[in-house]
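One structure below.
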Amino acid sequence: MPLADEPGNPPPDVAATESSSGQAPATAGPSPDGRGSLTRGMTVGAGALLRGSGRVGPLHFETPEIIWSRTEPPAGTRSVGESRLELFRGADLPVGHRELSLRRGEAQLSLRFPVPTPEISGSPGLWQVAYPGVAYLHWPLADPEWTALGEERPEMVVLGNARALWQDGKPFVHALIDIRTRLGGYPLLWTPRLALPHRLGLLAWLGIDLVDTTEGLWSAAHGTYFDASLGSVRAESARGERACKCPSCQADPSGSLEEHTEATFAREMAEVRLAVRDGRLRELVEARLTAEPAVAELLRYADRLMAGLLQARTPVVSRAQRTYVLRESRRRPEVVRFLSRLIERYRPPPSKRVLLLVPCSRTKPYRNSRSHRRFARAWENWPHAPLLHVVSVSSPLGLVPRELEDVYPARHYDIPVTGEWEEDERSAVLRSLETLLTRGAYTQVIAHLDPGEYAFLGGALPERLHPRWTLTDDHTTSPVAIQGLHAALLASDLGPDPPSLGPLVAAKEGLEALARFQFGPRAGELLFAPPTRLEGRPWAQRLTDGQGKDLATWAEERGLFQLTVAGGFRILPAGALCVEVDPGVTLTGDLFAPGVRAADPAISPGDAVVLVRSGTLLGVGESVLSGALMTELPRGLAVKVRHRSHTTGSEPRGVPPTSP
């Protein structure tokens with residue numbers, strides 16, 4: 001399905017769609033005060049970026065978008081169909097004032113403001129209304145100024161000192177955090193005179209919607225040749241090799257560097273948009289790290305300081321494979337979230353007595369790999385196999401218990417394998433191992449691992465669990481190795497009174513551990529509170545209440561549960577992943593942002609959520625936006641509703657819904 005944010009296509013009229021869930025229809029075009037009435041729609045997100053469309057005054061924007069800097073307005077009448085967004089600077093202004101005019105075709109948006117002068121005013125930062133709905137600010141602002149700016153509810157924010165903040169490094173990231181924390185995801189963000197071609201990916205990842213070519217053209221005028229992968233290179237060498245295929249570089253003699261720079265901007269923005277569409281923007285950013293040290297520096301600051309925002313906007317599900325090649329790859333939001341949820345939420349299935357540590361595999365999920373199928377031969381006839389907990393040692397995720405192998409990104413990553421573990425990789429494994437050993441009921445640990453490569457685990461395996469290493473080398477799947485693993489299992493200590501359970505009970509325990517990981521400990525326990533029963537196939541399970549009513553479904557391709565209304569009612573007391581529906585909304589279709597009154601800030605795209613109104617369950621669905629964006633954006637799909645309750649909304653709280 002084509003996206004609504006393709007260049008040259010206006011955003012769809014969402015009013016008819018959104019009104020199906022009770023929202024008041026929006027009116028196209030600018031409002032009487034000059035503001036745009038259709039602002040900030042979204043089709044897909046990546047990092048902190050919301051790719052989509054917006055309108056400020058008479059101008060329509062496609063985010064992320066380049067503003068093409070021009071020295072003077074063109075002569076004559078502009079074509080209405082002109083698609084480029086261009087920037088001109090005003091002349092003959094009073095001293096201390098500035099004008100920036102944005103034009104697309106005949107539509108124009110003129111921003112006029114006094115130049116902030118903190119050294120004169122004594123204020124650490126200032127902001128001005130440059131146009132109805134547009135705020136021009138110098139960061140930092142004092143709390144009263146942020147309050148006043150928030151009351152203004154700007155549709156666009158121009159960070160006037162972005163270039164100076166970038167040069168300082170960390171303050172630039174703090175400024176972005178302040179803007180998004182104080183003003184939310186609603187306003188478009190423009191950082192003037194900051195973009196260079198190789199910076200576009202990072203700026204998009206950080207949530208910057210509009211960039212201009214001013215800095216690149218200024219540098220080109222002084223002899224700088226830009227390459228999106230290498231940054232700035234010697235023009236003589238680059239043009240001598242004719243590596244660039246733009247018209248300027250292919251001409252004989254070569255054209256201007258300014259023309260080459262604009263062509264490089266255009267190509268790289270196309271790469272950024274493609275990467276966003278394919279969910280690979282972070283990979284593009286990492287591919288540009290060597291172009292300029294500042295790009296790597298700012299990404300490191302952002303990974304640490306913006307971790308909460310980035311994790312909230314990163315989907316919890318995916319079907320595409322991803323490469324994790326660099327050290328920076330191990331700081332991606334989905335990796336950090338997986339490790340933190342394992343440590344904070346996960347508890348091993350209570351019946352597991354033998355912890356078996358095995359190496360991960362290139363094939364995902366691991367259980368389908370040739371090596372893991374061979375491992376399974378060691379316990380296929382062992383009568384206590386349901387008491388065995390198979391856990392894979394992995395970089396970048398630390399430890400991956402078998403019941404979490406389908407959870408993003410455990411099923412979706414590929415890494416270079418060298419057999420050498422860096423400190424942060426070892427730390428992730430050891431932290432995960434401590435969690436499992438503390439919360440599990442293990443009586444034995446078996447390490448089917450190369451004792452040389454995994455020697456760092458030796459001191460972390462407590463003697464009380466009688467750790468046993470089954471290998472003397474790295475040949476994990478040889479007949480001798482499998483026989484050694486089988487012998488270790490036969491001799492394992494199961495404790496004085498090992499539980500007796502069948503494979504179906506063991507599977508249910510594993511799925512309950514997954515539910516705790518997904519929904520949180522309390523909600524996971526409530527979902528699996530007796531009576532419950534599993535039905536279906538190993539790759540597609542249904543959790544029922546024991547009387548035929550479905551509570552949740554699980555499919556290995558998704559890796560996480562989808563709720564039914566009955567399941568939503570079960571976890572409702574935990575208060576997790578709840579979306580409060582506006583009182584004026586009749587939930588007859590999907591839920592759009594204007595119909596959301598409040599949402600759990602822990603919600604990420606792809607989460608299974610519970611729709612409520614004043615404590616009464618209305619339905620369940622899958623989130624499209626993060627919880628914060630559901631209330632920050634004025635339009636857009638918030639939740640794909642999967643099941644609706646047949647309650648009237650007047651039943652007392654605590655009464656189960658009448659249908660699943």
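It should be emphasised that the depicted structure is a prediction, and the values quoted were computed from it without experimental measurement.
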Okay, side chain of [X], backbone of [Y]: is any donor-acceptor separation there less than 3.5 Å?
| X | Y | value |
| --- | --- | --- |
| Arg373 | Asn368 | yes |
| Asn161 | Ala164 | no |
| Gln518 | Phe561 | yes |
| Thr63 | Gly52 | yes |
| Ser369 | Arg362 | no |
| Ser623 | Val639 | no |
| Trp190 | Val157 | no |
| Glu509 | Pro349 | no |
| Thr631 | Ala628 | yes |
| Lys352 | Leu388 | yes |

Measure the shortest side-chain to side-chain distance between [X] and [Y] over non-hydrogen atoms and say whether it is less than 4.5 angstrom.
| X | Y | result |
| --- | --- | --- |
| Met269 | Pro64 | yes |
| Glu328 | Leu299 | yes |
| Thr476 | Val358 | no |
| His372 | Ser392 | yes |
| Trp379 | Val354 | no |
| Leu489 | Ile446 | yes |
| Lys170 | Leu305 | yes |
| Val391 | Leu433 | no |

Item checked: Qualifying residue for salt bridge (charged side-chain N to carboxylate O under 4.0 Å, His left out) with Glu405, from Lys364, Arg411, Arg367 ->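 Checked Lys364, Arg411, Arg367 against Glu405; only one passes salt bridge (charged side-chain N to carboxylate O under 4.0 Å, His left out): Arg367.
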Next item on the list: Report, as yes or no, whether the 6.0 Å neighbourhood of atom CZ on Arg439 holds more than 12 heavy atoms from other residues, nucleotides or ligands.
Entry: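 Yes, enclosed.
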Next item on the list: Check the surroundings of atom CZ in Arg280: do more than 12 heavy atoms from other residues, nucleotides or ligands lie under 6.0 Å from it?
Entry: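 No.
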Nearest 0.5 Å, please: how far is [atom2] in [Y] from [atom1] in [X]?
| X | Y | atom1 | atom2 | result |
| --- | --- | --- | --- | --- |
| Phe519 | Leu514 | CZ | CG | 8.5 Å |
| Gln311 | Asp303 | CD | CG | 10.0 Å |
| Leu465 | Leu437 | CG | CG | 6.0 Å |
| Thr323 | Glu283 | OG1 | CD | 4.0 Å |
| Ser395 | Glu420 | OG | CD | 12.5 Å |
| Thr314 | Tyr408 | OG1 | OH | 7.0 Å |

How close do [X] and [Y] get, counting heavy atoms only, and between which atoms?
| X | Y | result |
| --- | --- | --- |
| Gly606 | Arg558 | O-NH2, 2.8 Å |
| His198 | Ala228 | CB-O, 3.3 Å |
| Val295 | Arg288 | CG1-O, 4.2 Å |
| Ala481 | Leu471 | CB-CD2, 3.5 Å |
| Ala523 | Ala576 | CB-CB, 4.4 Å |
| Gly524 | Glu512 | O-CG, 4.3 Å |

Between [Y] and [X], does any NZ, NE, NH1 or NH2 come within less than 4.0 Å of an OD or OE carboxylate oxygen?
| X | Y | result |
| --- | --- | --- |
| Asp278 | Arg51 | no |
| Glu422 | Arg330 | yes |
| Arg319 | Glu557 | no |
| Arg426 | Glu423 | yes |

Next item on the list: Walk me through it: do Leu356 and Leu485 pass the test side-chain contact (heavy atoms from CB on, under 4.5 Å)?
Entry: CA-CA 10 Å; Leu356 173 60; Leu485 175 57; 3.7 Å; yes
Check: How about Phe517 and Phe338: are their ring centres within less than 6.0 Å of each other?
Finding: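 Centroid distance Phe517-Phe338: below 6.0 Å, so yes.
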Note to self: In this structure, is the centre-to-centre distance between the rings of Phe172 and Trp139 below 6.0 Å?
What the structure shows: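 Here the rings of Phe172 and Trp139 have centres that are no less than 6.0 Å from each other.
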Notebook entry, point to check: Going through the checks in order, is the side-chain contact (heavy atoms from CB on, under 4.5 Å) test met by Leu527 and Leu563?
Noted result: CA-CA 10 Å; Leu527 183 63; Leu563 293 169; 4.2 Å; yes
Next item on the list: Start with the C-alpha distance between Arg180 and Asp209, add both sets of side-chain angles, then the distance that settles salt bridge (Lys or Arg N to Asp or Glu O under 4.0 Å), and finish with yes or no.
Entry: CA-CA 12 Å; Arg180 291 310 182 195; Asp209 304 289; 3.3 Å; yes
Note to self: Between Leu397 and Tyr413, does the side-chain contact (heavy atoms from CB on, under 4.5 Å) criterion hold? Intermediate values first, please.
What the structure shows: CA-CA 10 Å; Leu397 300 178; Tyr413 75 94; 4.1 Å; yes
Next item on the list: Begin with the C-alpha distance, continue with both residues' side-chain angles, and end with the deciding distance and a verdict on side chain to side chain donor-acceptor pair (under 3.5 Å) for Thr224 and Ser219.
Entry: CA-CA 5 Å; Thr224 302; Ser219 299; 4.8 Å; no
Next item on the list: Could you walk me through whether Ser492 and Gln444 pass side chain to side chain donor-acceptor pair (under 3.5 Å), step by step?
Entry: CA-CA 6 Å; Ser492 59; Gln444 174 87 57; 5.3 Å; no
Next item on the list: For Tyr454 and Val429, run side-chain contact (heavy atoms from CB on, under 4.5 Å): C-alpha distance rounded to whole Å, both residues' side-chain angles, the deciding distance at 0.1 Å, then the answer.
Entry: CA-CA 10 Å; Tyr454 296 91; Val429 172; over 6 Å; no
Notebook entry, point to check: Of Glu334, His412, Arg282, which is the lone residue that meets side-chain hydrogen bond (donor to acceptor under 3.5 Å, both in side chains) with Tyr324?
Noted result: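 The passing option is Glu334.
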